[in-house]
Amino acid sequence: MPMLIDWTKVTELAADVGREGFDEVLDLFLQEVETALQTMAMSEDLEAALHFIKGCAMNLGFTDLATRCASGEARAACGQPDSVDLDGIHQSYRDSRDLFMSEFRARLAA
């Protein structure tokens with residue numbers, strides 16, 4: 001199973017922005033990424049949509065999602081948008097989000 005979350009990155013971000021700031025970053029991340037994922041398949045520029053999601057994922061330590069988006073971004077850039085595994089990207093987000101939400105408070109409290 002791939003590493004879904006880079007908890008070191010999460011801890012560093014929380015230390016940088018503080019607890020309240022982290023909650024705001026997390027809320028914004030969830031809103032923006034979920035909106036981008038919902039509209040990604042309809043996007044005229046799939047490469048740009050994947051680039052945006054990849055950046056968000058990297059910032060919050062969603063390692064597998066960032067990797068999948070990078071792969072899709074490269075495929076879209078090569079003119080192969082139909083070969084992008086959109087289902088895999090969506091599943092990675094759901095799995096990563098669920099793991100993150102179930103563990104992040106305990107991990108940041110440690």
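Since this is a predicted model, take the numbers as computed values, not measurements.
Under 4.0 Å is where a charged nitrogen must lie from a carboxylate oxygen, and between Asp98 and Arg94 no such pair does.
Across Arg75 and Ser83, no two heavy atoms sit closer than the pair NH1-OG, 3.2 Å. Minimum interatomic distance between Ile89 and Cys69 (heavy atoms only, all atoms of both residues): CG2-SG, 4.1 Å. For the residue pair Arg97 and Phe62, the shortest heavy atom distance occurs at N-CE2, 3.6 Å. In terms of heavy atoms, Ile5 sits closest to Thr63 at C-OG1, 4.1 Å. In terms of heavy-atom proximity, Arg68 sits nearest to Ser92 at CD-CB, 3.4 Å.
Between Asp64 and Tyr93 the shortest side-chain heavy-atom distance does not fall below 4.5 Å. A 4.5 Å side-chain heavy-atom check between Phe100 and Leu4 finds every atom pair outside the cut-off. No side-chain heavy atom of Arg107 sits less than 4.5 Å from a side-chain heavy atom of Val10.
The distance from atom CG of Leu37 to atom NE2 of His90, rounded to the nearest 0.5 Å, is 5.0 Å. Summarising the geometry, atom OG belonging to Ser96 is positioned 10.0 Å from atom CG belonging to Leu60; distances are rounded to the nearest 0.5 Å. The structure places OG1 of Thr39 at 12.0 Å from CD of Glu34, a figure rounded to the nearest 0.5 Å.
Side-chain N or O atoms of Thr35 include none that pairs as donor or acceptor with a backbone N or O of Glu32 at under 3.5 Å.
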Show every donor-acceptor pair shorter than 3.5 Å between a side-chain atom in residues 51-59 and any protein atom, with sequence neighbours excluded, or say none if there are none.
residue : atom : partner : partner atom : Å
His51   : ND1  : Glu73   : OE2          : 2.8
Lys54   : NZ   : Glu73   : OE1          : 2.8
Asn59   : ND2  : Gly55   : O            : 3.3

TODO: Would you check, one step at a time, whether the test side-chain contact (heavy atoms from CB on, under 4.5 Å) holds for Leu50 with Met40?
DONE: CA-CA 8 Å; Leu50 289 166; Met40 177 175 58; 3.4 Å; yes

Open item on the list: What verdict does the side-chain contact (heavy atoms from CB on, under 4.5 Å) test give for Phe104 and Leu26, after you've listed the backbone C-alpha separation in whole Å, the side-chain angles of each residue and the deciding distance to 0.1 Å?
Closed with: CA-CA 11 Å; Phe104 89 96; Leu26 177 59; 3.6 Å; yes

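In the hydrophobic clustering of ILVMFWY residues, with side-chain heavy atoms under 4.5 Å counting as a link, Met101 and Leu65 come out together. Both Leu30 and Val17 sit in one connected hydrophobic cluster of ILVMFWY residues. Membership requires side-chain heavy atoms under 4.5 Å apart, directly or through other members.
At a cut-off of 3.5 Å, with distance as the only test, a side-chain donor of Gln91 or Asp95 sits close to an acceptor on the other residue.
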